Peer 1: 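Let me begin by handing over the structure; questions about it come next.
In what follows, every chain begins at residue 1, and chains take the letters A, B, ... in the order their sequences are listed. Source: prediction; values computed, not measured.
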Protein chains: 2
Amino acid sequence: MPTRSQDRTDRRVAVIKALAHPSRLIIAEALQAGEQCVCDLRELVGSDLSTVSKHLTVMREAGLLEMEKRGQNVYYRLRCPCLLSFFECVDSLAPARKRSDKK
Amino acid sequence: MPTRSQDRTDRRVAVIKALAHPSRLIIAEALQAGEQCVCDLRELVGSDLSTVSKHLTVMREAGLLEMEKRGQNVYYRLRCPCLLSFFECVDSLAPARKRSDKK
DNA sequence: ATGCTACTTGGCGAAATGGCCAAGTAAAGA
DNA sequence: TCTTTACTTGGCCATTTCGCCAAGTAGCAT
């Protein structure tokens, strides 16, 4: 059975992994200034739209981002305004993902 | 040619990746309390000594750790006492790795 | 309805990562 | 000297991650 501290470590690792990619880090940095739609982020990172969408899913499932659909656009924003006080943030994110078990 | 901000992003990603693994995160957390030798860390994470050694190499090359050999032991410690103010730290690590190009 | 725009999801090959074992190195001890 | 302890490094295989293309969904416009 997983211990309490393993849970905490796994949660931290999920968040850190969600930042551990150049495109995803650039997205996170961009979103510090405020929400953006996927097509703007696509232009920013320069990858295929499907690739960007998958990066955003990873970040959202880690608890880093939340999304909102308005009109035909989907806007993403940081759930955590911290990044600078990173680990405090990681611990505060607690439960944010649900969609299936992902593991 | 890589831009200045690409360099910064790559450096940040290297540090974040170096923390984006359960064993490495556990090591980083343990080292916040002070330096430890490889065999102690091996016992802590429970993997093969060679595996732990490789994890430590990744962390050291990212600039997170420094090592010192004393007697038959090799001691590792955090170069960055922050982790809590994570990104400030990332930017302050600047040049720490050299050994070949690693990419 | 049809079409367009803005996505998400599935699939698949390519590349990176992680783990162990085995072999090599270096220092301390007998 | 030879042995032991404490690593590091190389190699290889299994798993994960990444990126594209292709196909599917949803809302707006005509």
Peer 1: Looking only at heavy atoms, which two atoms of A:Ser23 and A:Val45 are closest? And how far apart?
Peer 2: O-CG1, 3.9 Å
Peer 1: Please give, in whole Å, the distance from C:dT8 C1' to A:Leu65 CG?
Peer 2: 16 Å
Peer 1: Give the dot-bracket line for DNA chain C from 5' end to 3' end: parentheses for intra-strand Watson-Crick or G-U pairs under 3.5 Å, square brackets for crossings, | for inter-strand pairing, dots for unpaired.
Peer 2: ||||||||||||||||||||||||||||||
Peer 1: Salt bridge or not for B:Arg8 and A:Glu29, using N-O below 4.0 Å?
Peer 2: yes
Peer 1: For A:Ala62, is there any backbone N or O sitting under 3.5 Å from a side-chain donor or acceptor partner on A:Arg11?
Peer 2: no
Peer 1: Does C:dT8 have its OP1 or OP2 closer than 4.0 Å to a side-chain nitrogen or oxygen of A:Tyr76?
Peer 2: yes
Peer 1: I'd like to check the side chain to side chain contact (heavy atoms under 4.5 Å, CB included) partners of A:Gln72; sequence neighbours left out, ordered by chain and number.
Peer 2: none
Peer 1: Less than 4.5 Å apart, side chain to side chain, heavy atoms only: is that true for A:Leu65 and A:Arg77?
Peer 2: no
Peer 1: When the distance from CG of A:Asn73 to C1' of C:dT8 is rounded to whole Å, what number comes out?
Peer 2: 14 Å
Peer 1: Taking only residues at least two apart or on different chains, which pairs with a member in residues 23-66 of chain A satisfy ring-ring contact (aromatic ring centres under 6.0 Å, His included)?
Peer 2: A:His21-A:His55
Peer 1: Have a look at A:Tyr75 and say if it touches a base, only the backbone sugar-phosphate, or nothing, with a 4.0 Å heavy-atom cut-off.
Peer 2: nothing
Peer 1: Rounded to whole Å, how long is the line connecting atom CG of A:Leu49 with atom P of D:dC21?
Peer 2: 12 Å
Peer 1: Rounded to whole angstrom units, what separation is found between the CD atom of B:Glu43 and the P atom of D:dT5?
Peer 2: 15 Å
Peer 1: Partners of A:Asp40 by side-chain hydrogen bond (donor to acceptor under 3.5 Å, both in side chains), sequence neighbours excluded?
Peer 2: none
Peer 1: Expressed as a whole number of angstroms, how long is the span from A:Met67:CE to C:dC7:P?
Peer 2: 9 Å
Peer 1: At under 4.0 Å between heavy atoms, which parts of nucleotides 17-30 of chain C does protein reach? Answer with one letter per nucleotide, 5' to 3': B base, S sugar-phosphate only, - none.
Peer 2: SSSBBB----SS--
Peer 1: Salt-bridge test for B:Arg70 and B:Glu35: reply yes if a basic N is under 4.0 Å from a carboxylate O, no otherwise.
Peer 2: yes
Peer 1: Looking at residues at least two apart in the chain, or sitting in another chain, which of them share a side-chain hydrogen bond (donor to acceptor under 3.5 Å, both in side chains) with A:Glu43?
Peer 2: none
Peer 1: Given atom CG of A:Leu56 and atom P of C:dA6, what is their separation to the nearest angstrom?
Peer 2: 16 Å
Peer 1: In whole angstrom, what separates B:Arg42's CZ from D:dT8's C1'?
Peer 2: 15 Å
Peer 1: Roughly how many Å is it from CD1 in B:Ile27 to P in D:dC7, rounded to a whole number?
Peer 2: 12 Å
